[in-house]
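Below is one structure, written out as structure tokens; comments come after it.
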Amino acid sequence: MGLLVGGKWQDQWYDTKKSNGKFVRQDSKFRHTISKEDGSEFTPESGRYHLYVSLACPWAHRTLIFRKLKGLEKHISVSVVSPDMLDNGWVFGGYDGATEDHLFSSTYMHEIYTKAQADITTRVTVPVLWDKHTNQIVNNESADIIRIFNSAFNELTGNTDDYYPDTLRDGIDELNEFVYDKVNNGVYKSGFATTQEAYESAVSALFDGLDTLNERLSTQRYLMGDRITEADWRLFTTLIRFDPVYVGHFKCNLKRIADYPALSGYVKELYQIDGIEETTNFDHIKRHYYYSHTMINPTQVVPKGPLMDLQSAHGREHL
Ligand SMILES: N[C@@H](CCC(=O)N[C@@H](CS)C(=O)NCC(=O)O)C(=O)O
């Protein structure tokens, strides 16, 4: 685990000293968009863009889900890093299901960032959307990448499914903020806290958030009502990792998702949607967290369980 400082790799764990033991996530650096509007540097073209992901990572998982749902697999190529993120950060190959860097045969993911900007200071995160034409990073923020995938390539694919419809945008944005703070980032704030106070405050907010979402989902099928939106997919990638990883490794253990009647059916229903299981790799998910975060789990032993039955009836048809 480390970061780039002035283009040089430095191996170091998250610094929580300045924030009283709290984990503070950095903002993503590259925030360009893809559009066919006049003057746009990045236009929608088949084969032009490449996605770098980890199958373990909930943020990258969002982008794989949108690539699948929007029929972009043959238009946007993908490289997958190893789940083992140790002294050199994310690395390519060397693990079942990981790939080489198909564009540059790099060894490390940080080489992709320094190719984009030689003297960059940044954490080296996935996902990254790369432009093969101009050789730069288009965007490394999953929230942006899924919006790009949602609409920018519609003319190319003919797929007009819309997960961020105009009429629901305000509600989705509001909910996303809540889910990001309490749940998506909440599990990290809990797991990476280095003081008792920081941990307890994050874990309480997390479970308050989950209680609220469980209640909302007990009277409606999806977060925004009767249609699936990006808000659901953004929540899904955290919920699917919750029982196998966050309960144990990040000490998010007041309850499991399996203990929440609505959330447990909801996560199963989303998992059972065509193509979603294929985007979910529990081996990479468990291996990454338990093996890579040696500050939290120095033995690097990966637990065998829990046993999960995500293909059983979700029981949400009546909602
Ligand atoms: N805001 C980013 C966050 C991405 C992120 O934090 N990814 C994690 C993997 S789950 C990562 O690459 N971490 C490496 C690091 O922080 O050094 C997004 O949503 O795309």
Side-chain angles (χ1 to χ4, degrees), residues 1-5 8-16 19 23-33 51-67 78-92 98 108-114 116 120-130 137-149 176-177 179-181 183-192 230-231 233-242 244-246 249-250 279-282 284-296:
M1 170 89 87
L3 75 169
L4 285 168
V5 178
K8 299 265 173 304
W9 180 255
Q10 286 187 7
D11 179 23
Q12 74 180 52
W13 186 254
Y14 295 114
D15 184 1
T16 52
S19 51
F23 168 67
V24 181
R25 187 175 291 280
Q26 73 151 37
D27 289 337
S28 303
K29 292 254 171 192
F30 298 92
R31 307 293 296 267
H32 304 293
T33 195
L51 189 60
Y52 288 100
V53 296
S54 153
L55 302 182
C57 168
W59 318 98
H61 192 181
R62 298 168 167 182
T63 67
L64 286 174
I65 289 174
F66 272 72
R67 176 173 172 264
V78 176
S79 296
V80 177
V81 294
S82 163
D84 298 350
M85 191 193 66
L86 296 164
D87 300 355
N88 292 301
W90 296 113
V91 298
F92 292 98
Y108 307 118
M109 186 65 205
H110 64 71
E111 296 171 62
I112 304 301
Y113 276 77
T114 48
I120 195 169
T121 295
T122 183
R123 295 210 69 86
V124 173
T125 57
V126 284
V128 165
L129 186 62
W130 180 269
I137 295 176
V138 180
N139 202 300
N140 72 333
E141 170 52 53
S142 61
D144 295 346
I145 298 173
I146 63 174
R147 294 238 172 118
I148 294 171
F149 287 1
N176 282 346
E177 227 174 277
V179 169
Y180 173 80
D181 182 50
V183 183
N184 301 140
N185 201 33
V187 294
Y188 284 91
K189 286 193 275 189
S190 168
F192 287 154
E230 67 161 41
W233 293 118
R234 288 171 52 126
L235 176 59
F236 170 77
T237 64
T238 298
L239 294 187
I240 199 76
R241 285 160 176 74
F242 204 91
V245 173
Y246 302 142
H249 184 67
F250 277 175
T279 67
T280 313
N281 183 319
F282 285 110
H284 279 225
I285 290 172
K286 291 202 321 188
R287 170 82 177 197
H288 165 64
Y289 288 92
Y290 280 102
Y291 193 84
S292 306
H293 298 158
T294 51
M295 276 278 287
I296 299 175

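The basis for the numbers below is simple: all heavy atoms, side chains too, and nothing from hydrogens, waters or symmetry mates. Read the numbers this way: they start at 1 and go in the same order the structure lists the ligands and their atoms.
Taking every non-hydrogen atom of Cys57 and a distance limit under 4.0 Å, the qualifying atoms of ligand 1 come out as 7 (N), 9 (C), 10 (S). Below 4.0 Å from some heavy atom of Val124 lie the following atoms of ligand 1, by number and element: 12 (O), 14 (C). Heavy-atom proximity to Pro58, at under 4.0 Å, picks out these atoms of ligand 1: 10 (S).
The aromatic rings of Tyr180 and Trp59 sit tilted relative to each other, their planes meeting at an angle between 30° and 60°.
The side-chain hydrogen bond (donor to acceptor under 3.5 Å, both in side chains) check on Asn185 picks up Arg25, with sequence neighbours excluded. Under the rule for a side-chain hydrogen bond (donor to acceptor under 3.5 Å, both in side chains), His284 has no partner lying at least two apart in sequence or in another chain.
Distances from ligand 1 to the non-hydrogen atoms of Ser54 include no value under 4.0 Å. Under a 4.0 angstrom heavy-atom cut-off, Thr63 registers as lying outside contact with ligand 1. Under a 4.0 Å heavy-atom criterion, Tyr188 is in contact with ligand 1.
Counting heavy atoms closer than 4.0 Å to ligand 1, residue Ser142 contributes atoms from both its backbone and its side chain.
Here the protein heavy atom with the shortest distance to atom 1 (N) of ligand 1 is Glu141 OE1, 2.8 Å. Atom 4 (C) of ligand 1 has its closest protein heavy atom at Val126 O, 3.3 Å.
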